[in-house]
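A short worksheet on the structure shown next.
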Amino acid sequence: MNLHVGLTDFLIVSAILFSLGIYGVVTRKNAIMVLMGIELILNSANLNFVAFTRFGLMNLTGQVVAVFVIILAAAEAAVLLAIVLNIHQQLNTVNVDEVDKLKN
Amino acid sequence: MTLLHLAIAVLFLPLSGFTLLIFFGKKIRRSDLVETAILFVALAFSLYIMIEKLFILHLGTLDLTFRWIDIGALVGHPGFVLDLGIAIDNITAIMLVVVTLISSLVHLFSLGYMHDDIRYTRYYAYLGFFSFSMLGIVLSNNILMMYVFWELVGISSYLLIGHWFEKKSASDAGKKAFIVNRVGDVGFFIGIMIVFTSLHTVLFSGIFKGIAAGQLSGPLLTAAGILIFCGAVGKSAQFPLHVWLPDAMEGPTPVSALIHAATMVAAGVYLVARVYPMLDADALTVIAYIGAMTAFLAATIAITQNDIKKVLAYSTISQLGYMILGLGVGAYSAGFFHLVTHAAFKAGLFLGSGSVIYAMHHEQDMRNMGGLRKKMPITYWTFVIFSLSISGIPLTSGFLSKDSILGGALAYGMLSGNYIIPVLGYGVVFLTAFYMFRLIIVTFHGEPRDLHKFEHAKESPAVMTIPLIVLASLSLFIFYTFNPFSPESSWIMKDVVKPESVVPAAQSRGWSKPAVIETAMSPTASSTSSQAQSGTKSVTYYEEALEESHYFGMGLSLTLAFLGILAAFIIYHWKKIDAEKLKQSVKPVYTFLLNKWYFDELYGATVVAGTVRLSRMMAWFDGHIIDGIVNGAATVTRGASTLSGQFDHYVVDGLVNFSARFTGLLGRGARQVQTGKIQTYIVFALLGVIIIFFAFRQF
Amino acid sequence: MNWYDIIFYAFAVITVVSAVGVVFSRNILYAAFSLLFTFFGIAALYVLLTADFIAVTQILLYVGGILVLIIFGVMLTSRAFNVEVKRGFLKRIPAVFVTAALAGTLIGVLTTTRWPSVNFLPYEETARPIGVLLMTQFVLPFELASILLLVALVGAVIIARREKEKRA
Amino acid sequence: MQYQFLGIGFLTWITFLPILGMVVVLLIPRGNANAMKWIALGATILQLVFAVLIWINFNPSLSGINDPSGFQFIEKTRWIDLQGVGWFGHVVVDYFLGIDGLSLPMVILTAIISFVGVIASWNINKAQKGYFALYLLLDTGMMGVFVALDMFLFYVFWEIMLLPMYFLIGIWGGPRREYAAIKFFLYTLLGSVLILLVMLGLYFSVSVKDPTTGQMMHTFNLLDFMNPKNFDPHSLLGGLGTYWRDVAFIALFIGFAIKVPVFPFHTWLPDAHVEAPTAISVILAGVLLKMGTYGFLRISFPIFPDAMLKFAFPLAVLGFINIVYGALCAMAQTDFKKMIAYSSISHMGVVLLGIAALNTQGVAGGVLQMFNHGIVTAMLFLVVGVIYDRAHTRDMSAFGGLATQMPIYTGVMTVAFFAAIGLPGLSEFVSELLSYLGAFQSFQWVAIFSSIGIVLTAGYMLLALQRVFLGQLPDKWKGLPDVTGRELVAFVPLMAIVILLGIFPSILLHPMNASLNHLVEFVQKAGSGLMAAK
Amino acid sequence: MSQTIYQSFGYILPETILSVFFVLTLLTSIVGKRRSKYLPAYMALLGFVIAGIFVLNQMGTDELVFSGMYAVDPFSWFFKVIFLVAGILIILFSLQSRELEATATKYAEYFSLIISLTIGAFFMAGATNLLMMYLSLELVSISSYILSGFTKESARADEASLKYVIYGAFSSGLMLYGISLLYGLTGETNLYAFNQTLAIGGIQRITILIAVVLILAGLGYKISAVPFHFWTPDVYEGAPITVTAFLSVTSKAAGFAMLMRFFKIGFIDVGAQPVVAGMWEIFKGFRWTDIIAALSVLTMTIGNLVALWQTNIKRLLAYSSIAHAGYILMGFVTLSNFGMSAMLMYFVAYLLMNLGAFYVVMLVANKYHTENIEDYKGLGYRSPYVAFALTVFLFSLTGIPPTFGFIGKFYLFAALIHTNYIWLAIVGVINSVISLYYYLNIARNMYLRQPSETSRISFDFGTNLLMTLLIVPNILLMLYFSPVLAWAQNSVTMFGIR
């Protein structure tokens, strides 16, 4: 198959996702939306892994890694959400900006 | 027991007295007598030494050297060795007697004078310590030990001047004496350093040998000579370091007699005499000028002073100037002779003034005295003898010694063309006679001015008058020579032979007679030979010039002295000229002299104030700038803080605070980043990633 | 231009646009739904990359698990759906700057890199080899992941659990 | 090892006796202040006894410096001995103690001053336990510095001393004690870390043959550092006269100069001296300052003879600055203690001047001055302490006329002051004389300018004497008691030493003799000879 | 050499034991009384001790197991011992913590999380595969997120955990992205294979650079190197003291272990012949040392400077721990086994002194109810022994004899001088002088200032004993550091690397 779409295109998509994820993490006030940004970052990395696996590398390691990453993302999301819930309970906010009593 | 052992005994007797009195003074009932007795024993020993030395051993030196410091040499390395020791030659022997004699007489005198003092024992202890130090100077056979004792007499002088330290002026005077002396001593010290560094020895004999061998010559030798002379300038109160001596009169009068008239101040002269062989022409010229200047300066000041002791103090300075002048011009023996005679009559003058002061209940201002002649006959008559002696009237010892100095000066002037020196010298003769008789007339003649004190005045007790009488008799010619008009015939002039110069010929005065001739002939012999050549009036040799000028000089000085006495009588006794009017007519000069040429003010304004200001500046500098600079950024702070006007606050804080502040500022900057907002942190981390990437992109 | 390309671009656009929606939407629920589309888009890209197992896992875990979790979170914490969710404009400036710089750098580097191989490998079955790998070569990470999940579970429970004492 | 007591060498005893005392002090329950004092006193007296024993048994003909066979009372055991693991070389740190003519005076000085310090601490009334424990620890640190011949050991002792000092100043000091203590600590730590770096540089540059295994190894042995042959030619500090050697010398210099203290690193000193309690001021001035100059002589000079020769002149100039600057600053002070603190700066300048001259008399003068200044300044601080104890002020202008009120005190004090002035017959005269003579030989003009200090010293000392002791006695001091017997116990030995050494300096110079000559010769040769070869 | 999977299980016995005890400790919440802290604590201790026995058994082992996933070598062994000691000490500390009593019902979970964190740290120390690295780092992270927010009634702790989790998740995201790029470049996640690929050459360095910088962001976060350190103070201040102490040692050491292994195995040029024995050569063209030197300087300087301003002692220790990370990084710059052994030495010192300091801080917080440095006034008079202990630890942190901290610093500087990094050494010493100021500030408060209240507060025997156990090695190891040095020198060996 002779394709125009190549590795680079996937990588660019992933890079865009990565950047958007970062942007989300640093601009969103709501902790859950920060989490969404993080998920985007993880997904972009995963996309890389899978793309590299398919383009020219003779092993499936990347895909295996992707599986682990997805698992991990779930775990992390769970913990983060738990913490956010707790914060919500204790401080009555999920606004990352407002959680700034510890400083300097 | 050899003479040397005896000399050591003489040296340490007063010290033992000092130790005894310091530690057990309170336990010994008549400690004063103990100390006095010790001094008389020392006197006896000294006399024995002198007689033995002068009349039995004649010339030659007894020497005892020991190794003081031996940082011994390793193989092939010079190491460092210091030898010290004592030596007795003729001038030492004579000086021993002078010192012990005056000292014992002063001890005796003090029994009366200081009787009621609160620190009587301490006073005697210090006197003992002084005697020890002074004898040490006399006995040293090396320049270092001389320096050591030099400092020690300085200290004892300090202690004795400040004897009545409750008086601010007394403690000030002590301090001033010590510090001014130190200035001279620094020069002395540097001189020693030069000598030692070049010659690796401090023994006089070694030094002279080394110089003779040419190991030290040229400007360095001149410098060494002048620097060593600096010590004498300090101790003998020569211009420009003479300012301490008048102030030193704050001490008890016997102390003034002993230390500040007869012995310690003469140590400078003794020092110059000691190192005489190494002084080259330039150094000697400097010495001569300093001496002449001092003699004149002090004499002018003495005219105007009203404090009896001040007059005597300036007179001392003036006479010391004579001695220095004498040595400087080459009249070695005469200079030393004057030292001896001066010791006797000046000590006498001081003790006499002490007697007066004692009688007047510690009144020192002459203007409050008068008419004491009848009340205190012994004091008066001895005083007159002393005054005649100092004025250089024939039949006195002063005439002998002073005349020979003046003769030397005249000869020197003729040879070198430095006429200013003899001119000043003879001028001083007039001034001396004038102020001395002014003193006598105002104090002893006329009507009493303070009747109350006059009423209570009476002749002093025997312990005080006996020393006066002894000293008065010593001020007569008979002890020195049988011919009152011929100084040359005195035994001192004969026994104190001008030592041979060791400086290279190029640096020495050319007009000394060749050594062979000089040692071979007696003074008279040399004078005859010079007379033979002097038909042409062009004299080449010092001895010839001396002979040439002899009678003229003697006549001139006598005339001047009588004129001086006459002037004093005209003004103060017969009151032909009103003293007050005279003062008014030359007011600027008078004020100038009364204020001692403003030396104190000058030094106060320049050296003292300068040092004080410098020290304040340094202290400020230390507290502010150095601390600041070390802190890291004093300049930055200075710029910023002059604006805020908080310079001090910021800079004084010093290293720790400042560096804490400085680093703290950085820290605070870094701390501001820690906003507490997690997203800021993330932005910074990202920024970090980007910066690292771009910073290290260039592989 | 063939179908593969068209499909790729379609899904790439869907993915990116929905991701933009995630990041920029004002409403938290919209964001969550955009995220759903992003996940789907990525899953589709996985399919295009012939990674069927991963694609399925992506949908199952992300869409079925994580997204639901997120939406639960949103429901539990948001009192109103239209609260301000973005940081202030000024605070975003450095963020925009940094992100743009990073994106530019990344894309620049990635496009200029000569990757070892850009050949599209033919489709192979992936589920079975992945399973084998997980049990052989990757058994240790597998074990580790299990512990990790357990820890996360325990942690999430104790953190999120309401304390009895507190209510009492 | 014939000089042993209970199987332990003399030097170990003298160094660690105070630690022993410290342990005992710590074990004494609180409140038994007297027992603690006596323990501390006992420890220092025993230390003094050992010092005397060492002095008696000292063989003055052995030189030391860079010659291992010239050291005496040597104790050398492997402290850290790690056979090479893999390619890491053999790691060796020796417990290497020994003294030569250079350290002997310092050891004696430390013993004397420590003893005097305990007596001066007698009326410490706050937290005695901590005080005496720290005091004894400090003692060990000081003694250790002077007997250590392994640089690592030296450094450890050097640093150990800082800790107790900080607390001693900080807890028992005057009103600004916190500031003074931290300033002291920061300054000296800054200096010592520089020493640390140089030490490491030396360690890696020098390799010697291990006597036991025969393989090459790095070492901290000071004596090995002194042999230029031991330097690996391509190492950092190898090759004489190279850039890094100069840098290392300067770094070492700063490290030691801070301790001395050399202008402009001196600003910690007035603060620390003024704020410290009397005994600690005594220790500071008496012993601590000497460590800096001791460091120069023991470490800087023989290890970097090339740099030493190169920098001799600047060193002498710094000595001059110290002398004059310190004296001028002292003159401006009204605080009694501060004045003496600045006088220390001035007097230490003489040491610097002397040792910079690098000839026998200069170095001998320097070392002697170290000893003498230790004794004299100790006396001066004790003098201030006495009056501060009674009057609770150190402002000199507040006093006057104490000579009548406290005659014995005045006597003691006069001796101390005159010794500081450099009066002949008292000890400092000899050392200053030798220093100046030495300096004059090497740096004529520097010596001449420095001699201004002689006058200035007399000036400020006499000014102080006058302010405090002469003049009228203010009414409020009418009741001040004279010195007590206890205080005299501290004063009398010092006074005796001052006078004794003034008259017979040889008793101290004699044991130093061989070492100092050897030092001078060695540095001159090693520095110039090899410089010429380059 | 490489082991089969079956054989491999024999090499992870300690980890297995810990995992088992992780579960067992969790289960104690069902068995025992819910509020008792002793049962779970003892269970956890038992786990650590048994694991410790197995760890000790592994001494000298040098194997690569699980198809190149995990190395059991002297290097990881060293860290495992550190982790175990730290874990045991933290458990002992936790038994006395007053803070934790608020969450009395969750002791089982607490202690089990300590075990899980240790497991993660074990794997971090041994991971030779990028995936393993990522996973183990996440295990440590997740455990620490939960632990730091463990006392969830405390708003501080909640905030700490939120910040921690966001920052941690983000950083690990960056790291993952970096890993993905490395994978793309080499097709391998195994570090050894990666190294071989690099050795063949032909890979664009700029891509590797960005990948590694992204990975460094993840590692830097773990070791709290500037500029990835920002979470540290907030989390350290907010978290319970015992957790802070634990994080500051175990988590940081694990991060360092990973960092060292990543760079050493990944980038060492095995073929190059070093000039000096024990030096490594990194593949030509990579300037990791410069980057790390820069990070090191920034880290210690900023850590120290900001620490000057702190009033809360936990926060101060947080900054100080940042600074210490900077010091330790200095050792890495040298790229030599010498530097590495110095770093390892420093970890021992750091473990002893930092844990000691935190222990004292906890004790003071327990009895005096304060973490404020101002409130340490007069502690030296009110609780002399505690104050003395803290003084020892602080001086050890400063690096002044006679404390072991000195030896740690000494060897770091030695390594720098050895490799002619003199400028860095000077920066280092200046920093340690600066650090003296704030450490002394605490000592000053304790001794130089008078307390407002003077009643003495004493501590029980067990506390004093534990404190003594921490003080003694701090001093003793300075007086005789041979064993530690030997241990550190032995432990620089990683599997397959000289």
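Below, chain A is the first sequence line, B the second, and so on; all start at residue 1.
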If the threshold is 4.0 Å, N to carboxylate O, is there a salt bridge linking E:Arg444 and D:Glu178?
yes

Could you tell me if the ring centre of D:Phe152 sits under 6.0 Å from that of E:Phe410?
yes

is_close_aromatic(E:Trp487, E:Phe481), centroid dist under 6.0 Å:
no

Kindly indicate whether the side chain of D:Leu153, heavy atoms from C-beta on, has any atom under 4.5 Å from the side chain of D:Trp79.
yes

Tell me, do E:Leu477 and E:Ile407 make a side-chain contact under 4.5 Å, heavy atoms counted?
no

Considering residues at least two apart in sequence or located in another chain, which fulfil the salt bridge (charged side-chain N to carboxylate O under 4.0 Å, His left out) criterion with D:Asp150?
none

Quick one: list whatever passes salt bridge (charged side-chain N to carboxylate O under 4.0 Å, His left out) with E:Lys377, sequence neighbours left out.
E:Glu374

In residues 386-394 of chain E, which residues are in contact with chain D at a heavy-atom separation under 4.5 Å?
E:Thr391

Let me know if [X] has heavy atoms under 4.5 Å from chain E in its side chain, its backbone, both or neither.
X: D:Trp244; value: side chain
X: D:Lys126; value: side chain
X: D:Val91; value: side chain
X: D:Leu162; value: neither

Is E:Tyr381 close to chain D through its backbone or its side chain, or both, or neither, when contacts mean heavy atoms under 4.5 Å?
side chain

Toward chain D, the part of E:Ile422 with a non-hydrogen atom under 4.5 Å
side chain

Anything in residues 188-205 of chain D with a heavy-atom distance to chain E below 4.5 Å? Please list those residues in order.
D:Leu189, D:Leu190, D:Val193, D:Leu196, D:Leu197, D:Met199, D:Leu200, D:Gly201, D:Phe204

Is the backbone of E:Phe78 close enough, under 3.5 Å, to the side chain of E:Ser491 for a donor and an acceptor to pair up by distance?
no

For the residue pair D:Phe185 and E:Phe395, does the interplanar ring angle fall in the parallel (under 30°), tilted (30 to 60°) or perpendicular (over 60°) class?
tilted

To the nearest 0.5 Å, what is the distance between CD1 on E:Ile434 and OG1 on E:Thr301?
7.0 Å

Ring of D:Trp158, cation from D:Lys259 - is the NZ or CZ under 6.0 Å from the centre and inside 45° of the axis?
yes

Determine, stepwise, if the pair E:Asn304 / E:Ser435 fulfils side chain to side chain donor-acceptor pair (under 3.5 Å).
CA-CA 6 Å; E:Asn304 276 325; E:Ser435 75; 4.5 Å; no

